[in-house]
Each structure stands twice: as C-alpha cells, then as structure tokens.
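All remarks here apply to the structure that follows.
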Amino acid sequence: MNEKIYIVEDESDIADLLKLHLEKSGYQAKAFSEASGFFKKIEVEKPDLVILDLMLPDMDGLEVCKNLRSNAKTSGIPIIMLSAKAEETDRILGLELGADDYVTKPFSPREMISRIKAILRRAVRSESTSIIKVANAIEIDLDKHTVLVHGNRVELTSSEFRILTILAEKPGWVFSREKILDKVWGYEKAVVDRTVDVHIRHLREKLGPAADYIKNIRGAGYKIDD
C-alpha cells in the first residue's frame with residue numbers, strides 16, 4: 001500500500017490525527033490548512049484521494065470540490081468530504097457536487113480508514129479480460145481505469161466508475177440500490193439510497209449519447225442493456 005492522500009483541513013488537531021492514522025495504515029499523507037496551498041501542490045503531484053473539510057479559511061470546501069470535478073486533470077480523484085453538518089440535505093449536496101463519501105465530525109479514525117480502503121478498492125477484474133464493452137458504445141478498461149464512449153474518453157469519479165463497472169459486468173441483471181450501495185460503499189449504511197440516484201444521474205450526463213444503456217427499473221433498481 002503506497003497510495004498518496006491529501007488532507008485539506010484547517011483544524012490542526014484533526015489534520016494531525018488523520019495523518020497519524022493514515023501513515024500507520026501504510027498510506028502517504030500530506031495535510032494542508034488552506035485551499036490555496038492544496039491547489040498549488042495538486043498542480044505538480046496528484047493524490048490518490050482527498051479528504052476535504054467544508055469549512056476552510058480561504059475557500060468554501062464545496063467550491064474546492066466543484067473546482068476539482070470541473071478540471072479534467074483532477075476530475076477522477078476520489079473525494080471524502082468532512083463536515084460538522086450531519087443533515088441529510090448537506091450530505092446530498094456534497095454528493096451532488098461529486099464527492100464519493102461524506103463523513104461527519106466527530107468521527108472514528110478506524111471508520112475513516114475503512115471508508116478510504118473501500119473507495120480505493122478497484123473493481124473485481126474479469127479473469128478473461130480487463131476490457132468490458134457495452135454494445136459498440138462504451139468501453140471500460142479496468143487496468144487503466146478509463147472509459148471511452150464512441151472512442152472519446154470521459155472522466156468519471158471512482159464511485160461512478162465502480163457503479164458503471166458493476167452494471168456492465170452483468171448486462172441485463174437488475175441491481176437494487178441497496179446492492180449497489182453494498183458493493184460500492186461496503187458496510188457504510190449512513191450513505192443513503194438517494195446517493196445511488198445522484199451518481200447514476202451524473203454518470204448518465206457524462207455518458208452522453210450512451211446514457212440510455214443504463215435503465216431504471218421502477219421499484220427494483222438499475223441495469224445495463226446492450
């Protein structure tokens with residue numbers, strides 16, 4: 001394990017606690033107290049995951065998230081939002097903006113590590129090939145972690161990529177929201193059912209002309225039909 005994780009958190013006690021537990025778990029960790037320093041660093045060295053506090057002294061964390069998602073170079077970096085706001089509406093807003101997970105303060109460092117491991121875990125590879133195709137429209141490369149739509153690359157978040165892979169590996173199978181939650185976010189039941197709908201909507205927007213391959217089965221869940 002050698003993944004690099006950036007912590008954007010202005011409360012030094014929390015940043016130090018996260019850094020300590022991340023390094024104990026085998027990750028490389030670097031903390032930033034302001035968004036400006038974080039953006040300078042990410043220009044020269046991309047992390048494998050970002051833990052992002054919503055209340056920063058120089059920039060709102062939601063704006064930081066939007067900035068990362070709108071930049072092709074950083075749009076695929078997994079983001080865990082960290083906030084003292086525990087309302088479901090705040091969680092949904094964070095996920096709407098492209099966060100992969102939302103953790104409220106106070107939190108358990110062990111739980112945070114478990115969430116990080118779940119997000120970084122790659123899709124289970126097919127024994128016969130690392131390429132999954134949906135008709136002649138979508139091509140998923142599991143080794144390179146890339147997606148092509150009609151030959152053009154689209155940038156997905158790690159959660160969007162995982163959901164697309166889950167559906168594409170078994171075309172025609174209907175996956176319930178609960179099943180998708182279990183496969184993508186593991187045991188984390190604080191992630192609500194609507195999270196799946198949010199990510200599916202973003203996924204469809206990015207797939208563009210190939211969006212119709214993802215079907216919503218009313219009362220059952222989602223599937224891919226080719």
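- Annotation: ring-ring contact (aromatic ring centres under 6.0 Å, His included) contacts of Phe32 (sequence neighbours excluded): Tyr6, Phe38.
- When every heavy atom of Ala35 is checked against every heavy atom of Val64, the shortest pair comes out as CB-CG2, 3.9 Å.
- Between Asn2 and Gln28 there is a side-chain heavy-atom pair separated by less than 4.5 Å.
- Rounding to the nearest 0.5 Å places CD1 of Ile80 at 13.0 Å from CG of Asp53.
- Note that CG of Asn67 and CG of Asp60 are 12.0 Å apart. Values are rounded to the nearest 0.5 Å.
- Side chain of Arg153 to backbone of Thr146: no donor-acceptor contact under 3.5 angstrom is found.
- Leu62 is connected to Leu68 through a chain of hydrophobic side-chain contacts under 4.5 Å among Ile, Leu, Val, Met, Phe, Trp and Tyr, so both are in one cluster.
- Ion pair Glu9/Lys105 flagged as a salt bridge, since at least one NZ, NE, NH1 or NH2 atom sits closer than 4.0 Å to an Asp/Glu carboxylate oxygen.
- Going from atom CD1 of Ile166 over to atom CD1 of Ile180 covers 6.5 Å, rounded to the nearest 0.5 Å.
- Under a 3.5 Å cut-off, the side chain of Glu11 and the backbone N or O of Asp13 do not form any donor-acceptor pair.
- Minimum interatomic distance between Lys4 and Lys46 (heavy atoms only, all atoms of both residues): CD-O, 4.2 Å.
- Under a 3.5 Å cut-off, the side chain of Arg69 and the backbone N or O of Ser75 do form a donor-acceptor pair.
- Under the side-chain hydrogen bond (donor to acceptor under 3.5 Å, both in side chains) criterion, Thr74 pairs with no residue, sequence neighbours left out.
- Side-chain atoms of Glu205 and His202, non-hydrogen and from C-beta on, do get closer than 4.5 Å to each other.
- Taking each heavy atom of Leu120 and Asp48 in turn, the nearest pair found is CD2-O, 3.6 Å.
- Both Phe107 and Ile7 are part of a single hydrophobic cluster, where members link through side-chain heavy atoms under 4.5 Å apart.
- Side-chain contact between Asp197 and Arg201 is absent, with no heavy-atom pair separated by less than 4.5 Å.
- A distance of 4.0 Å separates CG in Asp225 from NZ in Lys223, rounded to the nearest 0.5 Å.
- Of all heavy-atom pairs between Lys117 and Tyr27, the closest is CG-OH, 3.2 Å.
- More than 12 non-hydrogen atoms from other residues, nucleotides or ligands lie less than 6.0 angstrom from NZ of Lys206.
- Put simply, Met55 and Tyr102 are part of two different groups of oily side chains (I, L, V, M, F, W, Y) that touch within less than 4.5 Å, one to the next.
- Considering Val174, Ile132, Ile200 as possible partners of Leu167, the one that fulfils the side chain to side chain contact (heavy atoms under 4.5 Å, CB included) test is Ile200.
- Atom CD1 of Ile14 and atom CG of Leu17 lie 8.0 Å apart (nearest 0.5 Å).
- Residue Arg162 holds its CZ atom at 12.5 Å from OG1 of Thr157, rounded to the nearest 0.5 Å.
- Annotation: side chain of Met81 is not in contact with side chain of Ser83 (no heavy-atom distance under 4.5 Å).
- Ile42 is not listed as a side-chain neighbour of Asn71, based on a closest heavy-atom distance of 4.5 Å or more.
- The number of heavy-atom neighbours closer than 6.0 Å to CD of Glu34, taken from other residues, nucleotides and ligands shown, is above 12.
- One hydrophobic cluster holds both Val50 and Met59 under the rule that ILVMFWY side chains link at heavy-atom gaps under 4.5 Å.
- With hydrogens and angles ignored, the 3.5 Å screen pairs a side-chain donor or acceptor of Asp100 with a backbone N or O of Ser159.
- Inter-residue side-chain proximity for Leu82 and Met112 is flagged as met; some heavy-atom pair is nearer than 4.5 Å.
- Between Ala210 and Val149 the shortest heavy-atom distance is CB-CG1, 3.8 Å.
- Following chains of ILVMFWY side-chain contacts shorter than 4.5 Å, one can reach Val134 starting from Leu142, so the two form part of one hydrophobic cluster.
- The minimum heavy-atom distance linking Ala168 with Ile140 is given by the pair CB-CD1, 3.6 Å.
- Contact of the Ile51 side chain with the Ile116 side chain is registered, since non-hydrogen atoms from C-beta on lie closer than 4.5 Å.
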